[in-house]
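A quick write-up on the structure given underneath.
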Amino acid sequence: MASDRTRSYSGPALFSYGFRPFFLLSALFAAGAIPAWLAVWSGRMPLSGSFSPVDWHIHEMLFGYTSAVVAGFLFTAIPNWTGRMPRRGLPLAALAALWVAGRLAVAGAFGSDPTLVLGIDGAFLAAVTAMAVVEIVAGRNWKNLMVVGPVGLYLIANVVFHLEAAQGGESDVGRRLGFATVTFLIMLIGGRIIPSFTRNWLAKRGPGPLPVPFGRFDGPSLVLASVALLTWCAFPGALATTALLVAAAAMHAIRLGRWQGARTWRSPLLLMLHVAYAFLPLGLAATAAAGWIGAPAGMHLLGIGAVGGMTLAVMMRASLGHTGRPLEAGALLTAAFSCLVLAAAARALIAQEEIAGLDGYSLAAALWTIAFIGYLVRIGPCLLRPSVEGIHPKG
């Protein structure tokens, strides 16, 4: 039967499940792209693509690294949602190759024609969106179609980014729309997995308060955040935008507080999810302030702390659980995540300062790179080898 997820698979372990190639590729890219950006920014390495250096950096973090993590998450979660067999083997390898082609195209490997670059780069998210819709509809899992909407908007944001860069030389609305859609995806998905994982863990550890399940507070908080983020995309400096962002920050700080994160300190792998989510209200509040003081801290708190932190934490947990390993961070993964948190703080707060001969900008880049190298050292072998139990385990 097509829905039999235990159907034998004899190909490379790397292409046996969606998270494997995309989490590996995203981590490799994250570890290499930021040192490359420093080389471009300092003038030591030329960039031959159709984007300006700043747009290349922003695009490749927003639509390069993050899109691979989104794909890995979706093609791991959807089989669990629908009961259908996961995409594996040649189709998965082809999709991974399409993502690689997008990175090469944006870097200028196929020339600088904007239409060609858009066609190659945009094809990946278009394929991911189409495949997700097909799988969810085929599995009649209608409630999870809500996840596809933001992914489709993410695709539109990428197209807008390309068009603005081609016509005006610099992205504007597309840049903010990319941040907004990824931020909302974290709110949506994080709001499902964080309280669920936390409740399951706490329930095994005796009496005490448990996370509040999704309810009447969560829906309005997501609606308010979506309105605030879309208003920010269109009117970034407006007073109404500032007010909406502050209100959304407050609601999501309260939302996080309802999930009992303080009680998870004995499980670093779980605590990481709470810490990463905490960067959302911090980033929203700082973005609201940026309209008045002109500081870029909000974008980096969201980009490095919330997006980088949540994706890294999810990749750690999913990679361990879905390859049959214990859900334990250990010293290396805990240190890796700590480096990422410090990278967000350094980039947002002390970018212009100098510590031990290293400016805050370079310090943040080094900490980010170390974080993903740590992931690759600990998790990389797990992604390349068969699951410990021989089949894809739940976890």
Side-chain angles (χ1 to χ4, degrees), residues 21-72 92-130 151 154-179 181-182 296 299-300 303-304 307-308 311 343 347 361-362 364-366 368-369 372-373 376:
F22 289 114
F23 286 0
L24 182 62
L25 285 170
S26 63
L28 287 168
F29 187 72
I34 295 303
W37 160 240
L38 281 183
V40 170
W41 177 64
S42 64
R44 297 194 305 270
M45 186 174 81
L47 192 66
S48 60
S50 59
F51 288 158
S52 69
V54 172
D55 268 349
W56 174 83
H57 167 58
I58 294 173
H59 182 276
E60 290 304 89
M61 289 295 99
L62 266 182
F63 300 105
Y65 162 75
T66 307
S67 69
V69 182
V70 169
L92 189 58
L95 193 62
L98 188 58
W99 179 86
V100 172
R103 311 288 56 79
L104 294 173
V106 172
F110 306 126
S112 59
D113 177 58
T115 304
L116 177 62
V117 174
L118 169 58
I120 297 173
D121 179 53
F124 175 72
L125 275 175
V128 169
T129 304
V151 176
Y154 187 34
L155 166 62
I156 292 172
N158 190 25
V159 173
V160 172
F161 191 108
H162 276 271
L163 294 177
E164 287 182 328
Q167 295 175 4
E170 184 179 40
S171 65
D172 183 34
V173 175
R175 182 186 300 185
R176 292 192 297 276
L177 188 58
F179 268 103
T181 52
V182 172
M299 300 287 277
H300 294 107
I304 301 174
V307 178
T311 52
R347 183 62 184 89
Y361 196 94
S362 299
W368 167 281
T369 303
F372 284 93
I373 290 175
L376 289 166

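Everything quoted here is computed from the prediction, not taken from an experiment. Every heavy atom of this structure was used, including side-chain atoms; hydrogens, water molecules and symmetry mates were not. Along the sequence shown, the residues carry numbers beginning at 1.
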Notebook entry, point to check: Taking all atoms of both residues into account, what is the closest heavy-atom pair of Ala157 and Leu177, and its distance?
Noted result: CB-CG, 3.6 Å
Check: Do the side chains of Val69 and Phe23 get nearer than 4.5 Å, heavy atoms only?
Finding: yes
Next item on the list: For Val117 and Ala105, work out which heavy atoms get closest and say how close.
Entry: CG2-O, 3.7 Å
Check: Got a donor-acceptor contact below 3.5 angstrom from the Tyr154 side chain to the Ser67 backbone?
Finding: yes
Notebook entry, point to check: Taking side chain as C-beta onward, heavy atoms only, is Val182 less than 4.5 Å from Val70?
Noted result: no
Check: Taking the six-membered ring for Trp, are His162 and Phe51 parallel (under 30°), tilted (30 to 60°) or perpendicular (over 60°)?
Finding: tilted
Check: Nearest heavy-atom pair of Ala166 and Pro114: which atoms, and what distance?
Finding: CB-CB, 3.7 Å
Note to self: Less than 3.5 Å apart, any donor N or O on the side chain of Tyr65 or Thr311 sitting next to an acceptor on the other?
What the structure shows: yes
Checklist line | Arg175 versus Ser171, closest heavy-atom pair with distance | finding: NE-OG, 3.0 Å
Next item on the list: Kindly give the heavy-atom pair with the smallest separation between Ile373 and Ala31, and that separation in Å.
Entry: CG1-CB, 4.3 Å
Check: So which of Val159, Asn158, Val160 actually passes side chain to side chain contact (heavy atoms under 4.5 Å, CB included) with Ile156?
Finding: Val160
Next item on the list: Looking only at non-hydrogen atoms, find the nearest pair between Ser48 and Ala107 and report the distance.
Entry: OG-O, 3.4 Å
Margin query: Walk me through whether Tyr361 and Leu38 qualify under side-chain contact (heavy atoms from CB on, under 4.5 Å).
Written below: CA-CA 9 Å; Tyr361 196 94; Leu38 281 183; 3.5 Å; yes
Notebook entry, point to check: Would you say Trp41's side chain and Pro53's backbone share a donor-acceptor pair under 3.5 angstrom?
Noted result: no
Check: Is the gap between the ring centers of Phe63 and Phe124 under 6.0 Å?
Finding: no
Next item on the list: Give a yes or no on whether the backbone of Met61 and the side-chain of Thr66 come within a donor-acceptor separation of less than 3.5 Å.
Entry: yes
Item checked: Trp99 and Phe29 aromatic ring geometry - parallel, tilted or perpendicular at 30°/60° bounds -> perpendicular
Margin query: Within the 4.5 Å heavy-atom criterion, are His59 and Asp121 side-chain neighbours or not?
Written below: yes
Note to self: Please check: side-chain N/O of Glu164 versus main-chain N/O of Gly174, any donor-acceptor pairing under 3.5 Å?
What the structure shows: yes
Notebook entry, point to check: Passes side-chain contact (heavy atoms from CB on, under 4.5 Å), Val106 versus Glu60? Steps please.
Noted result: CA-CA 8 Å; Val106 172; Glu60 290 304 89; 3.5 Å; yes
